[in-house]
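The structure under discussion appears below in the form of structure tokens.
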Amino acid sequence: MAQKIILSGMQPTGRLHLGNYEGALKNWVALQQDYEMFCCIVDWHALTADYDKTELMPDRIFQVAVDYLSAGLDPERCSIFVQSHIKEHAELHLLFSMIIPIPWLERVPSYKEKATELGLDSYGFLGYPLLQAADILIYRADFVPVGKDQLPHIELTREVARRFNSLYGKVFPEPQGKLTKFAAIPGTDGRKMSKSYNNHITMGESPEDTGAKIKKMFTDPQKLRRNDPGRPDICPVYALQKIYNADYEELYAPCTTGELGCVQCKSKLIESLNDKLAPVRARRAELEAHPDTVYDILHQGADTARKRAVKTMALVRQAMHLA
Ligand code: TRP
């Protein structure tokens, strides 16, 4: 039986952080063993918000590609490519825009939220999830690994596939979201790690900067002095210990009794986190020193992706009598 197809995408936000790594990339790296994978860096989507900062785009794309590869995505198993290199996404998006009623897009939850929050009002921003549907359907993907927040976009993608198929005959399978089990990882201030909160530690952060950021991290606000009893269950440092320190259970009791101070606890975290990330960081440094390797991988990835996208578009044009 042919391998099932996975399409995943991320906006080129620049260097990725531990939240991206734990919440998405590690999962993608595991999935590439069993699926044919397409990992898309969605630069057109990034324009919905950053259309006035396009000069930052080339470096942001490069950094995301470097982080994909340092996390362990293998170009032999997974086509890594830039969305705007495959013009077929734009054609499919345009054709979809003819058959999808505007209210379907207006009722996507992220639309109203972000429109108000970020003041976005462009035509392209309304079409954001439709472009995403094109990204997914053009590869006739079976699965899309996403966080919970993206499920409405996957549901819309399925509706788009159904509507197209009912008008023109079956071209598209209905893809399914593949939820990542991982809980959001806390940033240095205890909120969800996010670049926009500036509470993040990047994958390529130096050991020194990692140490400095963790030393400043929030802990249990009730543990003011070293010997005060702490509550590991609400402490963001402990949440990170659970992920990065194999001996995290040994820290629980001494924290609750006040035997273990935050400074000492943090230094254990710094050590194990830096240890765990050392191989990723070493790969990152190697790739950054050889940008041509990275660009070659993106071009090869685009060639593989394009072949599949071109085939789908032939089916689409034929089905719509545009061949
Ligand atoms: N909307 C996604 C996000 O913000 C990015 C994205 C664009 C995407 N196209 C996609 C994700 C296709 C998965 C599949 O994370």
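Counting convention: from 1, in listed order, for ligands and their atoms alike. Position 1 is the first residue of the sequence, and the numbers go up from there. It should be emphasised that the depicted structure is a prediction, and the values quoted were computed from it without experimental measurement.
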Considering the heavy atoms of Val144, write down every atom of ligand 1 situated less than 4.0 Å from one of them.
13 (C), 14 (C)
With distance as the sole criterion, is a donor-acceptor pair present between the side chains of Arg317 and Thr312 under 3.5 Å?
no
Residue pairs passing the ring pair (Phe, Tyr, Trp, His ring centres under 6.0 Å) test with at least one member in residues 34-60, sequence neighbours excluded, are Tyr35-Phe143, Phe38-Tyr139, His45-Tyr128
Do any pairs count as a ring pair (Phe, Tyr, Trp, His ring centres under 6.0 Å) and have a residue in residues 194-213, sequence neighbours left out, and if so which ones?
His17-His200
Among non-hydrogen protein atoms, atom 13 (C) of ligand 1 lies closest to Gly9 N, 3.5 Å
Between the side chains of Glu113 and Ser110, is a donor N or O closer than 3.5 angstrom to an acceptor N or O?
no
Does any N/O atom on Ser8 come nearer than 3.5 Å to any N/O atom on ligand 1?
no
I'd like to check which ligand 1 atoms, numbered from 1 as shown, lie under 4.0 Å from a non-hydrogen atom of Asp135.
7 (C), 9 (N), 10 (C)
Side chains of Gln222 and Asp228 only: does a donor on one sit below 3.5 Å from an acceptor on the other?
no
Check ion pair Lys26-Glu22 (N to O, under 4.0 angstrom):
yes
Within ligand 1, which atoms have a heavy atom of His45 less than 4.0 Å away?
7 (C), 9 (N)
Proximal atoms of ligand 1 relative to Val42 (non-hydrogen, under 4.0 Å)
7 (C), 9 (N)
Gln150 touching ligand 1 at heavy-atom level, < 4.0 angstrom:
yes
